[in-house]
S.K.: 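Quick one: the structure is below, questions incoming.
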Amino acid sequence: MSAPLLDARGVAKDFGGVKALKDVSLSIAPGEIYGLIGPNGAGKTTFFNCLTGLYAPDGGGFTFAGAPLKASAPHQAARRGIARTFQNIRLFAHMTARENVMVGRHVRTRAGVIGAILRDPRTRAEEAAIARRADELLHYVGIADRAHDLAKHLSYGDQRRLEIARALATEPRLLCLDEPAAGMNATERAALRTLIAGIRADGVTVLLIEHDVKLVMGLCDRVAVLDYGQLVVEDVPAVVQRDPRVIEAYLGAAPDEAGQGGAGEGGHA
Amino acid sequence: MAAAPASAAGRAPVSAPIPARVWVAYAGLALLLALLPWLVGGVLGLGNAWLRTLNFAVLYVMLALGLNIVVGFAGLLDLGYIAFYAVGAYMYALLASPHFGLHLPAWAILPAGAALAGLFGVILGAPTLRLRGDYLAIVTLGFGEIVRIFLNNLNAPVNITNGPQGVSGIDPLAFFGVSLAKPVVVAGITLLPLAATYYVFLLLALGVVFVTLRLENSRIGRAWVAIREDEVAAKACGIDTRNIKLLAFAMGASFGGVAGGLFAGFQAFVSPESFSLMESVMVLCMVVLGGMGHIPGVILGAVLLSLLPEAFRYAAVPVQKYLFGHVVVDPESLRMLLFGLALILVMLYRPAGLWPSPLRKRELKRSGP
């Protein structure tokens, strides 16, 4: 394997007494689609939040594209090329779809107060480029016709797409999607799958949290399974699917093995 | 002050052609603004008191637009905004009055006042970066009071602000050697001091309008709104929320600083009394009533809330005498009573303000019952 794009080493995070992440180490190669699955409460989103700088990990850390990532500095993570979407959609509700994507360009543009006031040729050119790129991205994710609607008026599936467009606007090398298919119907899921495959084909590495096992297994090159904050297994989908520890994490241990019985977590696939 | 049809296209790219009727509306508005001192003083025969009120209305437009950057754009509730007005006013008062014997020119003091107010904005902003909503409101309220109390007490051991007596005998505003305290002759027309002051204030207010309009439709303006809408998502988009918030505080405060300097030069007297909490609340009301985050709305709010109470003050006594034969309620109490009523009515029937941005209005319509 070539040098990894992202290398997580011994990442740990506690919330009071709860160990949300225990010594999680994994690495993602450039250009792959990497799935992160696990039952509810396994620590997947916590891992995302540590990676994107919203939380400072209590132990371990990340190396991204060969250099360490600074903990708890979300805007710097975005600058380095890590973009994300949120499990509970977090759009700028009272901005239009286009403006949402334009905000995503913030980190790759420079105009300041003086430029905004004087509107000099460079600022005007930058503004035009921002708008153009926003329109391209809206078209790319397939919601160009909703460009001038407020984000909050988009359908659920379109909001998820808009979040992806906004994340792509930051020119990420690693795109982290937190349950992008949640709440989507079968048609929308199929379209989402095509979209994610397309994003990868364009050279962006994708880290995917998803409950939809079919989507994950069909799309991902490798899959890691988290359970109770620990990395259970990391391998290609076909192997992960048959791993007894994964089956146990999702469905609970068979009663004769578990002894106490009912040790399983209420996760579902 | 932007005309209504223009604001509908305000968020679209700059290149959209402007229809003729918008130009006509702009021209009409410009003519009205230019002739306003004659209308008020001559045609309506309202006299100098109303010209003064008009000048204050223009100052309040500047204040409201400054606060709108902090509250309307960036969504940071600031209840101590008047402190920046005070900083600008005292800057002018101390540098151009017999108090210290300094008489610096206005063109030097006003930008310096804006810069100092901006610095105070950063000083207020820095410790409150992690606060939102109610908590931020409490801290900013405290900040406003701290500034006022300092001004009240900085007369001992070293007399800096002259305490509660305030600073008097402040130099009148003068630009390029032309003092606004004496009649000004421009192209054969003699402008009385109040009218000349009006034009200077109007010019600066138009400058503030221009700057806020430009900022609104810019990378910085979008970042402010993004922070207002969802701070976590804004961070994830790569916005350095600390710097962008401090910038909002500094920009808003500097407008307040300019308005404060003009106020000191216009009044020739400043005292801590002018910078009470009630003033902060009043400016906030202008922003909220007019239409938070929508520049024409904020201007409307500032004009209405500075003119209506004055109109009311003049009308209250004669109207009561006519109706009841004597004064039933003292005008000042009645004024506050009706002000409260107006606030409640607006919040009930126009929750987004009197003139909300077209997008907000559309949204309220859709999500309404």
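Nothing here was measured: the structure is a model prediction, and the numbers come from that model. FYI, side chains are in, hydrogens and waters are out, and symmetry mates aren't considered; it's all heavy atoms of this structure. Chain naming here is simple, since letters A, B, ... match the order of the sequence lines and numbering starts at 1 in each.
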S.K.: Between chain A and each of B:Val211, B:Thr212, B:Val232, count heavy-atom pairs under 4.5 Å; write down the option with the most.
M.R.: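 Top count of heavy-atom pairs under 4.5 Å with chain A: B:Val232.
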S.K.: In terms of heavy-atom pairs under 4.5 Å, which option from A:Glu126, A:Met102, A:Arg108, A:Arg79 contacts chain B the most?
M.R.: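 Most pairs with chain B among the choices: A:Met102.
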S.K.: Can you tell which of B:Ile220, B:Thr241, B:Asp240 has the highest number of heavy-atom pairs within less than 4.5 Å of chain A?
M.R.: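 Most heavy-atom pairs under 4.5 Å with chain A: B:Asp240.
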S.K.: What part of A:Arg110 is in contact with chain B, defined as an atom under 4.5 angstrom from a non-hydrogen atom: side chain, backbone, both or neither?
M.R.: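 Looking at A:Arg110, just its backbone touches chain B.
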S.K.: Evaluate the criterion side-chain hydrogen bond (donor to acceptor under 3.5 Å, both in side chains) for residue pair A:Thr96 and A:Asp149; output intermediate values, then yes/no.
M.R.: CA-CA 5 Å; A:Thr96 63; A:Asp149 285 322; over 6 Å; no
S.K.: Using a 3.5 Å distance criterion without hydrogens, assess whether the side chain of B:Trp224 forms a donor-acceptor pair with backbone atoms of B:Ile244.
M.R.: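 Checked: pair present.
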S.K.: Give, for atom CG of A:Leu6 and atom CZ of A:Arg80, the distance between the pair rounded to the nearest 0.5 Å.
M.R.: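 Rounded to the nearest 0.5 Å, the CG-CZ separation comes to 10.0 Å.
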S.K.: Against chain B, label A:Ile117 side chain, backbone, both or neither, depending on which of its atoms sit under 4.5 Å from a heavy atom there.
M.R.: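 Both backbone and side chain of A:Ile117 come within 4.5 Å of chain B.
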S.K.: Is it the backbone or the side chain of A:Glu163 that comes under 4.5 Å from a heavy atom of chain B, or both, or neither?
M.R.: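 No part of A:Glu163 comes within 4.5 Å of chain B.
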S.K.: Where does A:Ile130 contact chain B at under 4.5 Å (heavy atoms): side chain, backbone, both or neither?
M.R.: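 Only the side chain of A:Ile130 comes within 4.5 Å of chain B.
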S.K.: Spell out, as yes or no, whether a donor-acceptor pair under 3.5 Å connects the side chain of A:Arg98 to the backbone of A:His148.
M.R.: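 Not confirmed, A:Arg98 side chain does not pair with A:His148 backbone.
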S.K.: Can you say whether the rings of A:Phe15 and A:Tyr55 are parallel (under 30°), tilted (30 to 60°) or perpendicular (over 60°)?
M.R.: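 Perpendicular, since the angle between the ring planes exceeds 60°.
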S.K.: Using heavy-atom distances under 4.5 Å, tell me whether A:Ala93 contacts chain B through its side chain, its backbone, both, or neither.
M.R.: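 It is both, since atoms from each part get that close.
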S.K.: Please work out which of the three classes, parallel, tilted or perpendicular, describes the rings of B:Tyr81 and B:Phe84, given edges at 30° and 60°.
M.R.: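 Rings of B:Phe84 and B:Tyr81: perpendicular, as their planes differ by over 60°.
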S.K.: Does A:Asn100 use its side chain to pair, donor to acceptor, with the backbone of A:Phe92 at less than 3.5 Å?
M.R.: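 Confirmed, A:Asn100 side chain pairs with A:Phe92 backbone.
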S.K.: Counting only non-hydrogen atoms closer than 4.5 Å, does A:Thr170 touch chain B with its backbone (N, CA, C, O), its side chain (CB onward), both, or neither?
M.R.: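 Side chain only.
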